[in-house]
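The next block holds one structure in the form of structure tokens; read it before the comments.
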Amino acid sequence: MLIKTPQKLQLKEQDVTPENIYFNRRDMLKKMGFLGASSLLASAAVSSKANAIEWFSEKEKASFNLEPLTYQADNNNAKLILTPETKVTTHNNFYEFGAQKHQPAELSQGFQVNPWQLTISGECDKPITLDYDDLTTMFTLEERIYRLRCVEAWSMVVPWIGFSLADLLRKVSPNSNAKYVRFESLHDPEQMPGQQNRRLGGGINYPYVEGLRLDEAMNPLTLMSVGLYGKTLPPQNGAPIRLVVPWKYGFKSIKSIVSIKLVSQPPKTTWQQLAPQEYGFYANVNPEHDHPRWSQASERRITTGGLFSRNRIETLPFNGYGEQVAHLYKGMNLRKNY
Ligand SMILES: Nc1nc2c(c(=O)[nH]1)N[C@H]1C(S)=C(S)[C@@H](COP(=O)(O)O)O[C@H]1N2
Ligand SMILES: [Mo]
């Protein structure tokens with residue numbers, strides 16, 4: 001993550017979706033008794049102005065569970081304001097499609113996500129390979145509204161759709177050697193221009209690799225996401241399946257995953273290898289541990305305002321999810337284990 005001068009994002013005011021339409025429609029439909037996925041999708045239809053995105057099938061919609069209440073409450077009881085869909089899908093970090101915020105949306109539109117294979121293997125008794133359809137049909141999907149805090153000190157609030165990584169890992173029965181989980185993104189330079197060109201791709205060695213400790217991976221907050229705003233993921237947000245770890249800096253939330261491997265040793269992650277003194281393995285959001293080149297005490301929350309409107313808020317320890325995850329790090333020095 002290099003410091004750059006802000007890029008223009010070609011966002012016009014009319015493209016910005018007021019998040020209250022999404023919320024109000026949803027509330028209203030709920031009150032009218034249209035519980036469940038159809039209300040979510042109806043509201044998404046109202047708010048959607050995104051590029052050609054495939055919609056969930058009737059079968060998938062029928063399986064949505066829309067009551068993830070504990071995950072939707074902000075920890076200060078402040079009302080969470082959703083980041084408009086247009087911003088979620090045009091202000092991205094996905095270096096395989098370019099290291100500037102506007103490039104993933106522009107350069108990923110032909111990305112082929114079907115067929116897709118995701119293999120879960122390594123230290124487990126029942127390795128499996130999932131095909132494209134399995135990703136959205138094997139588990140009950142639920143909507144979770146999470147804060148996403150990038151290490152670059154901006155943040156968003158995103159209504160993800162997905163399932164707990166724990167459910168997937170239980171399926172393969174990890175054995176007693178499994179201590180960590182290693183994730184790998186697709187490596188396909190023909191489709192991912194940033195993998196052909198070091199400048200475009202931000203100087204990263206691909207494939208992009210991330211990792212979690214097994215207990216972090218099993219925490220119920222850790223989400224495998226297949227959609228946002230009621231639709232399948234657009235390519236720039238990590239289609240067809242990506243990780244979302246809301247208490248860690250955004251770079252842990254690896255996109256377009258093809259391999260999940262249970263391993264005994266901490267995996268060597270992409271950013272750690274590139275700049276170990278700046279990006280650690282844990283990468284828990286921590287306002288008390290500054291990045292060597294900037295403060296992590298506050299963040300710019302991207303909401304409905306102009307792109308560079310001053311909407312500075314305090315950064316919370318574990319991004320506000322301390323109640324759910326602080327116990328994982330008991331006794332650890334989190335400044336050393338940054
Ligand atoms: N494969 C891959 N995954 C990735 C990245 C990337 O460049 N490549 N960027 C990360 C970073 S730095 C962030 S902040 C989030 C951004 O997710 P979003 O674009 O959906 O907001 O994706 C993460 N996952
Ligand atoms: Mo990030």
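The analysis underlying the following values was restricted to heavy atoms, covering all of them including side chains, and did not include hydrogens, waters or symmetry mates. Start at 1 and go down the list; that is how both ligands and their atoms are numbered.
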Is the closest N or O pair between W160 and ligand 1 shorter than 3.5 Å?
no
Give the atom numbers and elements of ligand 1 that come within less than 4.0 Å of a heavy atom of I254.
3 (N), 24 (N)
Considering only residues two or more places apart or on different chains, which pairs with a residue in residues 253-269 satisfy side-chain hydrogen bond (donor to acceptor under 3.5 Å, both in side chains)?
T269-Q272
Run the numbers for me: atoms of ligand 1, each under 4.0 Å from some heavy atom of S185, listed by number.
1 (N)
The answer for which part of R242 has a heavy atom under 4.0 Å from ligand 1 is side chain
Does any donor atom in the side chain of Q195 or Y208 lie under 3.5 Å from an acceptor atom in the other side chain?
no
Should you measure from each heavy atom of C150, which atoms of ligand 1 turn up under 4.0 Å away?
14 (S)
Which atoms of ligand 1 sit under 4.0 Å from any heavy atom of L148?
21 (O)
Would one find an N or O of N237, backbone or side chain, under 3.5 Å from an N or O of ligand 1?
yes
Please answer whether the main-chain N or O of P220 pairs with a side-chain N or O of S164 as donor and acceptor at a distance below 3.5 Å.
yes
Report yes or no: does a heavy atom of S253 sit under 4.0 Å from some atom of ligand 1?
yes
Out of all atoms in ligand 1, which are within 4.0 Å of some heavy atom of F94? Include the element for each.
1 (N), 2 (C), 6 (C), 7 (O), 8 (N)
Can you see whether N93 engages E152 through a side-chain donor-acceptor pair at a distance of less than 3.5 angstrom?
yes
Between E96 and ligand 1, find which residue part has any heavy-atom pair under 4.0 Å and reply side chain, backbone, both or neither.
side chain
Distance-only donor-acceptor check, side chains H291 and E278, under 3.5 Å
yes
Indicate yes or no: does an N/O atom of K255 lie under 3.5 Å from an N/O atom of ligand 1?
yes
Just distances here: any N/O of Y95 and N/O of ligand 1 closer than 3.5 Å?
yes
Just by distance, with hydrogens left out, do Q117 and D131 show a side-chain donor and acceptor under 3.5 Å apart?
yes
With P276 via side chain to side chain contact (heavy atoms under 4.5 Å, CB included) - residues at least two apart:
none
Salt-bridge contact K179-E123 (side-chain N to carboxylate O under 4.0 Å)
no
